[in-house]
Amino acid sequence: MAKYGLRALALLYLLFLLVLPVVLIGWRTFENGLGPVLEALTTPQAQSAFRVTLIVAFWAVLANTVFGVGTAILLVRHDFPGKRLLSALIDLPMAVSPVVVGLALILVYGRFAPVGGWLENLGVQVIFSIPGMVMAAVFISLPLVIREVIPVLEELGDEQEQAARTLGAGPWQTFRRITIPGIRWALAYGVVLCLARALGEYGAVAVVSGRLVEKTQTLTLFVEERFQNFDEASAFASATALALVAVVTLLLTKILRPKG
């Protein structure tokens, strides 16, 4: 009885917290047919929100993939002073509120901050523009690739890499032919998680973007803005698009997740 009771409790919990809200959003989206949905998603404002979201997510994933692989190799293959501190700092984005991250970026890169003012004089605007949004997305998804690659590197060991170097392979050849094939599935899983986090980010991006319509408005900001302006058709259609992206991402993570 305890086993079945726990199953029922878990199912009810997921039903009312997750399944029911998503189903209601889908129902409200398509209650008047497919036409209004397509019309809402093809407006210039909606298309701009999709474009900005993809740009921010692309650069965030690219930056975190390069940094994540390099940092994972550094932490697993090398010993150096401050290694534990670096490992702890990597997990900081998971503990800090995204809103705090956005505020911190404004304090450093804002127009009236020393660094931000210097960049403004060079013609580079960070806050209330795409670079600041990318930085926010990079920060909040920073640990995802690293924490997926590190266990695989530890399990692989460095025997094959040492053998390749003994046979005359250079660092790049060893990395390309030994390291990357060994971590490819963990890397792909981490990239998918990073992509999902960057696509769905709201708090940090909302602070640094300025919410400029058709300029710095991501899809999550577009959903909120349309709902507050009583344009429910656009809000629900965009929310459903985000939900579909989440479902596809979930399926990819299940497929790419390393066995064992």
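We use all heavy atoms of the structure for the numbers below, so side chains are in, but hydrogens, waters and symmetry mates are not. Position 1 is the first residue of the sequence; numbering continues from there.
Counting heavy atoms from C-beta on, the side chains of Ser87 and Arg147 come closer than 4.5 Å. When side chains are defined from C-beta on, Phe30 counts as touching Thr240, because their heavy atoms get closer than 4.5 Å. At a threshold of 4.5 Å between non-hydrogen side-chain atoms, the residues Ile130 and Trp59 do not count as touching. Using a 4.5 Å heavy-atom threshold, the side chains of Ser234 and Phe222 count as touching. Contact annotation: the side chain of Cys194 never approaches that of Thr65 to less than 4.5 Å [non-hydrogen atoms, C-beta and beyond]. The shortest side-chain heavy-atom distance between Phe67 and Val145 does not fall under the 4.5 Å cut-off. Two residues are said to be in side-chain contact when any heavy atoms from C-beta on lie closer than 4.5 Å; Leu221 and Ser209 meet this criterion. Looking at Thr216 and Phe128, their side chains never come closer than 4.5 Å, going by heavy atoms from C-beta outward.
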* Could you walk me through whether Val191 and Glu148 pass side chain to side chain contact (heavy atoms under 4.5 Å, CB included), step by step? => CA-CA 9 Å; Val191 166; Glu148 293 301 324; over 6 Å; no

* Would you please test Thr218 and Phe50 for side chain to side chain contact (heavy atoms under 4.5 Å, CB included) and show each step? => CA-CA 7 Å; Thr218 61; Phe50 274 104; over 6 Å; no

* To do: Apply side chain to side chain contact (heavy atoms under 4.5 Å, CB included) to Met94 and Leu144, showing your working.
  => CA-CA 10 Å; Met94 293 299 184; Leu144 298 176; 3.4 Å; yes

* Quick one: do Ser48 and Val52 satisfy side chain to side chain contact (heavy atoms under 4.5 Å, CB included)? Show the steps, please. => CA-CA 6 Å; Ser48 174; Val52 171; 4.3 Å; yes

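Around CZ of Phe230, the count of heavy atoms belonging to other residues, nucleotides or ligands within 6.0 Å does not exceed 12. Summarising the local packing, CD of Gln160 is surrounded by 12 or fewer heavy atoms from other residues, nucleotides or ligands at distances under 6.0 Å. By the neighbour-count criterion of 12 heavy atoms within 6.0 Å, atom CZ of Arg177 is sparsely surrounded, having that number or fewer from other residues, nucleotides or ligands. Environment of CD in Glu155: sparse, with no more than 12 heavy atoms of neighbouring residues, nucleotides or ligands closer than 6.0 Å. For Glu39, the CD atom sits in a loose shell: 12 or fewer heavy atoms of surrounding residues, nucleotides or ligands are nearer than 6.0 Å. More than 12 non-hydrogen atoms from other residues, nucleotides or ligands lie less than 6.0 angstrom from CZ of Arg77.
Between Ala237 and Val37, the shortest heavy-atom distance links the atoms CB-CG1, 4.0 Å. Taking all atoms of both residues into account, the shortest heavy-atom contact from Ala239 to Val223 is N-CG2, 3.8 Å. In this structure, Ala136 and Val208 approach most closely via the heavy-atom pair CB-CG2, 4.0 Å. Shortest non-hydrogen contact noted between Ala40 and Thr43 is O-OG1, 3.3 Å. When all heavy atoms of Thr174 and Ala164 are compared, the pair lying nearest together is OG1-CB, 4.0 Å. For the residue pair Leu142 and Ile90, the shortest heavy atom distance occurs at CD2-O, 4.4 Å.
Of the possible donor and acceptor atoms, none in the side chain of Arg28 sits under 3.5 Å from a partner among the backbone N and O of Ile25. The closest donor-acceptor contact from the side chain of Asp231 to the backbone of Phe227 lies at 3.5 Å or more, if one exists at all. Panel note: side chain Thr71, backbone Gly68; no donor-acceptor pair is recorded below 3.5 Å. Side-chain atoms of Thr29 come within 3.5 Å of backbone N or O of Phe236 as a donor-acceptor pair. Gln173 places a side-chain N or O within 3.5 Å of a backbone atom of Gly170 that can act as its donor or acceptor partner. Using modelled atom types, one side-chain atom of Lys83 and one backbone atom of His78 make a donor-acceptor pair closer than 3.5 Å.
A distance of 7.0 Å separates CG in Leu38 from OG1 in Thr42, rounded to the nearest 0.5 Å. One finds the CG atom of Leu92 at 13.0 Å from the CD1 atom of Ile140 (value rounded to the nearest 0.5 Å). Atoms CD and OG1, from Glu159 and Thr166 in turn, are 11.5 Å apart once rounded to the nearest 0.5 Å. The distance from the CG atom of Leu219 to the OG1 atom of Thr53 is 5.0 Å, given to the nearest 0.5 Å. Here the CD atom belonging to Glu120 is positioned 9.0 Å from the CZ atom belonging to Phe112, to the nearest 0.5 angstrom. In this structure, Ile127 CD1 and Met133 CE are separated by 11.0 Å, a value rounded to the nearest 0.5 Å.
Note on Val207 and Val108: same hydrophobic cluster, where clusters join Ile, Leu, Val, Met, Phe, Trp and Tyr whose side-chain heavy atoms are under 4.5 Å apart, directly or indirectly. Hydrophobic clustering of Ile, Leu, Val, Met, Phe, Trp and Tyr side chains at less than 4.5 Å, counting indirect connections, keeps Leu54 apart from Val138. Residues Val69 and Leu195 share a hydrophobic cluster, clusters being chains of Ile/Leu/Val/Met/Phe/Trp/Tyr side chains in contact below 4.5 Å. Follow the hydrophobic side-chain contacts under 4.5 Å out from Val61 and you reach Leu199 in the same cluster. Grouping the Ile, Leu, Val, Met, Phe, Trp and Tyr side chains by contacts below 4.5 angstrom, directly or via other members, places Phe58 apart from Val245.
Grouping Ile, Leu, Val, Met, Phe, Trp and Tyr residues whose side-chain heavy atoms lie under 4.5 Å apart, directly or via other members, leaves Leu212 alone, with no other cluster members.
With sequence neighbours excluded, the residues that form a ring pair (Phe, Tyr, Trp, His ring centres under 6.0 Å) with Phe175 are Trp172.
Checked options Arg211, Glu224, Gln45; the residue passing with Gln217 is Gln45 (criterion: side chain to side chain donor-acceptor pair (under 3.5 Å)).
Look at Glu232 and Arg226 and you find no salt bridge, because none of the NZ, NE, NH1 or NH2 atoms lies under 4.0 Å from a carboxylate O.
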